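Note sheet for the following structure.
We use all heavy atoms of the structure for the numbers below, so side chains are in, but hydrogens, waters and symmetry mates are not. Counting convention: from 1, in listed order, for ligands and their atoms alike. As the structure is a computational prediction, the values presented were derived from the model and not from experiment.
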Amino acid sequence: MGGIFVVVEHRQGKVREITLEMLAKAGEWKNDLGGDLTAVLLGWETGSLIEALKGRADRILVIEDERLKNFEAEVYKLILQQLIQEVHPSLTLIGQTSWGLDLAPCLAVKTGFPLVTDCVELRIEAGRPTALRQMYGGKIFARVSFKESPGYLATIRPGAFSPDPSEDHQTEVIKKQFPAGLPESKKQFLELIESEAGEVDISQADFLVSVGRGVGEEENLALVRELARSLGAVLSCSRPIVDKKWLPKYHQVGTSGKSVKPKVYLALGISGAFQHLAGISGAGTVIAVNKDPRAPIFRVAQYGVAQDLFKIIPALMEQINRN
Ligand SMILES: Cc1cc2nc3c(=O)[nH]c(=O)nc-3n(C[C@H](O)[C@H](O)[C@H](O)COP(=O)(O)OP(=O)(O)OC[C@H]3O[C@@H](n4cnc5c(N)ncnc54)[C@H](O)[C@@H]3O)c2cc1C
């Protein structure tokens, strides 16, 4: 009874980072809720997935069946509903990902539990969670309470929490049978289309060099790319760079791009619109270069250089090449 369910998201034999982020944070919340932390793993050939999860939860609840080879929200929903009815977790966490967006609303309808989506923080007060979520494209944060219920559902924004590298749980692995009598899914998995070769995951980078409209022309990106390469950083950008098709969408930071949490975020020619700043709230040290000393980016930057980026980048490159 009680405790927390974390629905394990995986693809091609790998546990996705969002699962590890949720497990790390849920470890803190379970102290306030009571009960165990359970990773719920539905899949096929789950051996390597179980290994990756060991130490990160009190229990891994596994249903392994070939019918679970590919994610299918209809099937997941029915199995999770049964598991929730059996174990009665107080809180079930799902990633705010394409998986989660498919699964969470229909699970909420099926269970009748309240669902808060896209949470960037949760707090447990008197046994009930309250969630922090962004609204109006990241302009405001709203604290949302759940109505009283035997169980609560929340989807968690990727990158909102750090995955805990420590594996300090004694993990029990419990295998269960695929439930009998489930209705046939009305959908059929056809194929997995891989993302473009060379795609980088900026949400996992420790050091981001981020470029904005201040770069002026597409050909000037080469200079920024070269700086990122010399610093061992990953290249990211603001939205206008993507809108102009100078960089692919997966480089974009912000409310309609990705939330990032690098140790260092170097912003070059980025004004600091709220939609952009919402994506860097988890960044460690923000360094901004902008020729306008009143640019809003300087309000969040620990270090700021009010200068032309075309003067700063060559000076930085010179220093790097000297060392
Ligand atoms: C629904 C919605 C969602 C959005 N989502 C996102 C999002 O996810 N991410 C995002 O980034 N934006 C997003 N935006 C757009 C956002 O509002 C801003 O328009 C955008 O962030 C501005 O990008 P920028 O800072 O690169 O450009 P600008 O605001 O044009 O700023 C360019 C900056 O470069 C400086 N500059 C110019 N030349 C130089 C130079 N030579 N050297 C140094 N500095 C220089 C200027 O002083 C200026 O501050 C969204 C907007 C909407 C409406």
Side-chain angles (χ1 to χ4, degrees), residues 18 96-98 101 117-120 133-142 155 157-160 195 199-205 207-228 230-231 233-262 264-283 286-319:
I18 176 64
Q96 173 79 11
T97 59
S98 49
L101 290 172
T117 55
D118 202 12
C119 302
V120 293
R133 65 190 304 274
Q134 289 178 346
M135 292 176 77
Y136 303 117
K139 200 163 193 173
I140 59 164
F141 282 96
T155 63
R157 178 182 287 204
S195 49
E199 180 168 328
V200 286
D201 187 357
I202 58 168
S203 69
Q204 301 308 318
F207 189 175
L208 286 173
V209 168
S210 208
V211 61
R213 187 152 35 200
V215 74
E217 303 291 335
E218 185 175 10
E219 50 268 31
N220 297 337
L221 274 183
L223 189 65
V224 182
R225 222 187 269 280
E226 178 60 15
L227 176 68
S230 305
L231 290 168
V234 170
L235 187 65
S236 58
C237 66
S238 64
R239 178 159 150 175
I241 302 295
V242 172
D243 289 346
K244 287 173 192 281
K245 304 206 180 337
W246 293 354
L247 283 175
K249 175 84 178 165
Y250 56 79
H251 287 277
Q252 186 189 321
V253 173
T255 50
S256 54
K258 284 192 176 166
S259 291
V260 295
K261 47 179 172 26
V264 179
Y265 188 76
L266 173 57
L268 302 166
I270 293 177
S271 59
F274 71 86
Q275 293 96 341
H276 189 84
L277 298 185
I280 61 169
S281 58
V286 176
I287 307 167
V289 179
N290 192 309
K291 67 181 183 187
D292 176 3
R294 287 161 306 156
I297 189 83
F298 289 127
R299 286 190 222 135
V300 300
Q302 283 79 22
Y303 299 95
V305 186
Q307 199 28 296
D308 189 326
L309 65 91
F310 297 106
K311 287 191 180 145
I312 296 299
I313 296 180
L316 269 173
M317 294 294 289
E318 202 183 312
Q319 279 298 325

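Less than 4.0 angstrom separates some heavy atom of Gly214 from each of these atoms of ligand 1: 32 (C), 34 (O), 36 (N), 37 (C), 38 (N), 39 (C), 40 (C), 41 (N), 45 (C). Atoms of ligand 1 lying under 4.0 Å from any heavy atom of Ile270, numbered from 1 in the order shown and given with element: 25 (O). The ligand atoms of ligand 1 that sit less than 4.0 angstrom from a heavy atom of Gly212 are 26 (O). Interface atoms of ligand 1 facing Gly269, defined by a heavy-atom separation under 4.0 Å, are 26 (O), 32 (C), 33 (C), 34 (O), 44 (N). If you number the atoms of ligand 1 from 1 as listed, the ones under 4.0 Å from a heavy atom of Ser256 come out as 3 (C), 4 (C), 5 (N), 6 (C), 7 (C), 8 (O). Interface of Gly254 with ligand 1, defined as ligand atoms under 4.0 Å from a residue heavy atom, comprises 7 (C), 8 (O), 9 (N). In summary, the atoms of ligand 1 found under 4.0 Å from a heavy atom of Gly257, numbered by their order in the structure, are 8 (O). Within ligand 1, the atoms closer than 4.0 Å to a non-hydrogen atom of Ala273 are 16 (C), 17 (O), 18 (C), 21 (O), numbered from 1 in the order shown.
Only the side chain of Pro240 comes within 4.0 Å of ligand 1, judged by heavy-atom distances. Contacts with ligand 1 closer than 4.0 Å are made by no heavy atom of Phe274, backbone or side chain. With a heavy-atom cut-off of 4.0 Å, Gln307 touches ligand 1 through its backbone alone. In Ser271, the parts holding a heavy atom less than 4.0 Å from any atom of ligand 1 are both the side chain and the backbone. Contacts of Val215 with ligand 1, taken as heavy-atom pairs under 4.0 Å, are absent altogether.
Rounded to the nearest 0.5 angstrom, Lys261 NZ and Ser203 OG are separated by 6.0 Å.
Between Trp246 and Pro240 there is no side-chain heavy-atom pair separated by less than 4.5 Å.
The closest non-hydrogen atom to atom 35 (C) of ligand 1, taken over Val305, Leu277, Asn290, Val253, comes from Asn290. Of the candidates Lys291, Lys311, Arg239, Lys258, it is Arg239 that places a heavy atom closest to atom 12 (N) of ligand 1. Closest heavy-atom approach to atom 50 (C) of ligand 1 among the candidates Arg294, Gln275, Lys249, Gln252: Gln275.
Between Thr255 and Gln275, the side chains place no donor N or O within less than 3.5 Å of an acceptor N or O (distance only, hydrogens not considered). With no hydrogens or angles considered, a side-chain donor-acceptor pair links Ser256 and Arg239 at under 3.5 Å.
A donor-acceptor pair under 3.5 Å links the side-chain atoms of Gln96 to the main chain of Asp118, judged by distance alone. Between the side chain of Asn290 and the main chain of Ile270, a donor-acceptor pair closer than 3.5 Å is present. With His251 contributing its side chain and Val242 its backbone, the two residues share no donor-acceptor pair below 3.5 Å. Checked by atom type and distance alone, the side chain of Ser210 never pairs as donor or acceptor with a backbone atom of Ala267 at under 3.5 Å.
In terms of polar-atom proximity, Phe310 is not counted as a contact of ligand 1, lacking any N or O under 3.5 Å from an N or O of the ligand. Residue Ala295 places no N or O, backbone or side chain, under 3.5 Å from any N or O of ligand 1.
Residues in residues 295-319 take part in these side-chain hydrogen bond (donor to acceptor under 3.5 Å, both in side chains) pairs, two or more places apart or across chains: Glu318-Arg322.
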Could you tabulate the donor-acceptor pairs under 3.5 Å formed by side-chain atoms of residues 217-224, not counting sequence neighbours?
unit_1, atom_1, unit_2, atom_2, d
Asn220, ND2, Val215, O, 2.8

### Message
Under the criterion side-chain hydrogen bond (donor to acceptor under 3.5 Å, both in side chains), I'd like the reasoning laid out for Arg133 against Thr117: C-alpha separation, chi angles, the key distance, then a yes or no.
### Response
CA-CA 8 Å; Arg133 65 190 304 274; Thr117 55; 3.1 Å; yes
